[in-house]
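Notes for the one structure printed next.
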Amino acid sequence: MELRPLAHFIAVYEQGSFSSASRRRFIAQPSLSAAIKQLENELGQQLFLRHARGVKATEAAEQLYPLAKQLLAQADAIHSVFAGGLQKEPFRLGVTKGLGVSRMSALLKAFTSTRDALELSLVPPEDSSDARIITRDLLQQGEHYQLIWQDKYQLAVPANHPLSLQSMISISDLSEMAFIQRNPCEGCAALRELAQQAGITLDIRARIQTIEYALGLVSAGVGCALVPVHEELHSPDVRFVPLQGLELSREIGLAWRQPTEIITLLLKLALDTDTDRVA
């Protein structure tokens with residue numbers, strides 16, 4: 001039995017959908033579905049039942065999951081034992097804040113698993129590095145740049161707030177809404193300009209740095225926040241609503257100076273992720 005289909009199976013089981021699993025595994029959804037189908041044929045058991053919101057694991061899948069996890073863990077352990085003598089391949093990757101833990105973790109997991117001796121160090125984007133995953137505004141002269149993700153700015157609103165029921169929020173709606181200010185925030189200048197034009201003063205109740213903390217406060221009902229939206233941010237306690245008059249997105253890409261084989265590999269893996277990406 002091949003290990004790769006089992007890894008695909010684990011991703012579908014844990015994510016609860018083929019689309020989310022395909023992004024986690026950096027594989028096209030049709031290829032993932034074909035791999036699961038092949039595994040089902042090999043086992044002679046159906047593993048998942050599809051429904052409108054994803055998939056439901058069958059009894060066979062429940063039995064297979066712990067066995068598959070154990071088998072892959074043992075394979076990784078064997079690999080680690082015999083990779084101990086390899087010469088380390090250091091790689092410094094500059095990473096800007098707020099890119100999203102899940103999608104970055106999935107990308108870095110795929111990246112590190114392809115190079116046995118890779119020694120990855122994540123550093124701030126301003127530090128010396130071999131490549132950087134950054135917003136376009138941080139691009140330096142002499143760097144190559146490839147767009148990999150594009151996040152549209154929207155208002156994060158508590159799910160129990162009346163504004164969460166609207167398909168579009170106007171700037172005047174914010175006159176009576178508490179606001180959570182992120183700093184730094186690429187979209188804040190545009191929002192302030194829009195508010196000034198409308199004669200609105202934002203009622204800032206909190207000033208924080210990270211998107212995750214901003215959404216935590218939104219979820220707690222403290223107020224709303226302007227955030228660049230990507231799939232992993234979605235939460236039952238938060239609704240993301242477009243702001244009328246604000247067409248703004250954050251471009252995230254890979255930047256590098258000297259092309260190398262390992263940078264080419266990282267770029268390919270990043271571009272294979274179809275979440276929030278613009279080709």
Side-chain angles (χ1 to χ4, degrees), residues 3-4 7 10-11 14 23-27 69 72-151 182-186 208-216 227-228 230-233 250-277:
L3 296 180
R4 187 178 298 273
I10 289 172
E14 294 179 346
R23 287 187 289 271
R24 172 172 160 179
R25 293 291 299 160
F26 296 93
I27 183 176
K69 289 281 286 188
L72 289 181
Q74 290 173 340
D76 287 341
I78 293 172
H79 191 271
S80 298
V81 168
F82 291 96
L86 294 177
Q87 183 176 357
K88 292 297 184 181
E89 184 179 19
F91 187 83
R92 290 171 61 86
L93 180 64
V95 179
T96 196
K97 292 182 178 179
L99 297 184
V101 174
S102 294
R103 66 179 175 184
M104 279 300 300
S105 296
L107 173 59
L108 296 179
K109 178 181 179 181
F111 181 45
T112 54
S113 66
T114 59
R115 310 284 291 200
D116 293 339
L118 181 65
E119 187 177 54
L120 177 65
S121 297
L122 300 183
V123 299
E126 62 272 14
D127 286 7
S128 174
S129 60
D130 298 292
R132 305 191 298 157
I133 298 180
I134 56 171
T135 52
R136 187 182 288 273
D137 61 293
L138 296 178
L139 188 65
Q140 298 175 353
Q141 186 175 4
E143 283 186 311
H144 303 280
Y145 183 84
Q146 173 63 55
L147 175 66
I148 54 178
W149 297 315
Q150 186 161 307
D151 303 334
R182 288 195 307 110
N183 184 30
C185 172
E186 301 87 345
I208 58 175
Q209 292 187 348
T210 68
I211 295 174
E212 288 77 13
Y213 275 118
L215 293 181
V227 297
H230 48 85
E231 183 167 292
E232 73 178 66
L233 293 183
R250 178 180 69 164
E251 295 185 354
I252 301 165
L254 182 68
W256 70 95
R257 293 187 180 277
Q258 297 295 331
T260 63
E261 177 188 351
I262 194 168
I263 290 175
T264 300
L265 171 63
L266 176 59
L267 180 59
K268 180 181 183 302
L269 292 171
L271 291 176
D272 282 345
T273 311
D274 59 1
T275 305
D276 310 309
R277 180 169 64 83

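Everything quoted here is computed from the prediction, not taken from an experiment. Just so you know, residue 1 is the first one in the sequence shown, and it goes up from there.
Arg4 pairs by the salt bridge (Lys or Arg N to Asp or Glu O under 4.0 Å) definition with nothing, not counting sequence neighbours. Looking at residues two or more places apart in sequence or on another chain, you find no side chain to side chain donor-acceptor pair (under 3.5 Å) involving Lys109. In this structure, the side chain to side chain donor-acceptor pair (under 3.5 Å) partners of Glu261, at least two apart in sequence or on a different chain, are Arg115. For Arg257, the side chain to side chain donor-acceptor pair (under 3.5 Å) partners are Gln140, not counting sequence neighbours. Every residue two or more places apart in sequence or in another chain that forms a side chain to side chain contact (heavy atoms under 4.5 Å, CB included) with Ala106 is listed here: Phe26.
The shortest heavy-atom contact between Ser113 and Ala110 is OG-O, 2.9 Å. Taking all atoms of both residues into account, the shortest heavy-atom contact from Ala255 to Leu139 is CB-CD1, 3.9 Å. Nearest heavy atom pair, residue Ala214 against residue Ile208, reads N-CD1, 2.9 Å. Contact detail for Gly253 and Tyr145: the closest heavy-atom pair is N-OH, 3.0 Å.
Here Leu99 contributes atom CG and Ile211 contributes atom CD1; the two are 8.0 Å apart, rounded to the nearest 0.5 Å. Going from atom CZ of Arg182 over to atom OG1 of Thr210 covers 8.5 Å, rounded to the nearest 0.5 Å. Taking CZ of Arg103 as the reference point, atom CG of Leu108 lies at 12.0 Å (rounded to 0.5 Å). The distance from the NE2 atom of His144 to the CD atom of Gln258 is 6.5 Å, given to the nearest 0.5 Å. Taken to the nearest 0.5 Å, the OG1 atom of Thr135 stands 11.5 Å off from the CG atom of Leu147. A distance of 13.0 Å separates CG in Leu138 from CD1 in Ile133, rounded to the nearest 0.5 Å.
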Can Leu254 and Leu271 be said to form a side chain to side chain contact (heavy atoms under 4.5 Å, CB included), step by step?
CA-CA 10 Å; Leu254 182 68; Leu271 291 176; over 6 Å; no

Carefully, step by step, assess Val227 and Asp151 under the rule side chain to side chain contact (heavy atoms under 4.5 Å, CB included).
CA-CA 9 Å; Val227 297; Asp151 303 334; over 6 Å; no

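Side-chain atoms of Trp256 and Leu267, non-hydrogen and from C-beta on, do get closer than 4.5 Å to each other.
Residue pairs meeting the side-chain hydrogen bond (donor to acceptor under 3.5 Å, both in side chains) criterion with at least one partner in residues 120-132, sequence neighbours excluded, are Arg132-Glu143.
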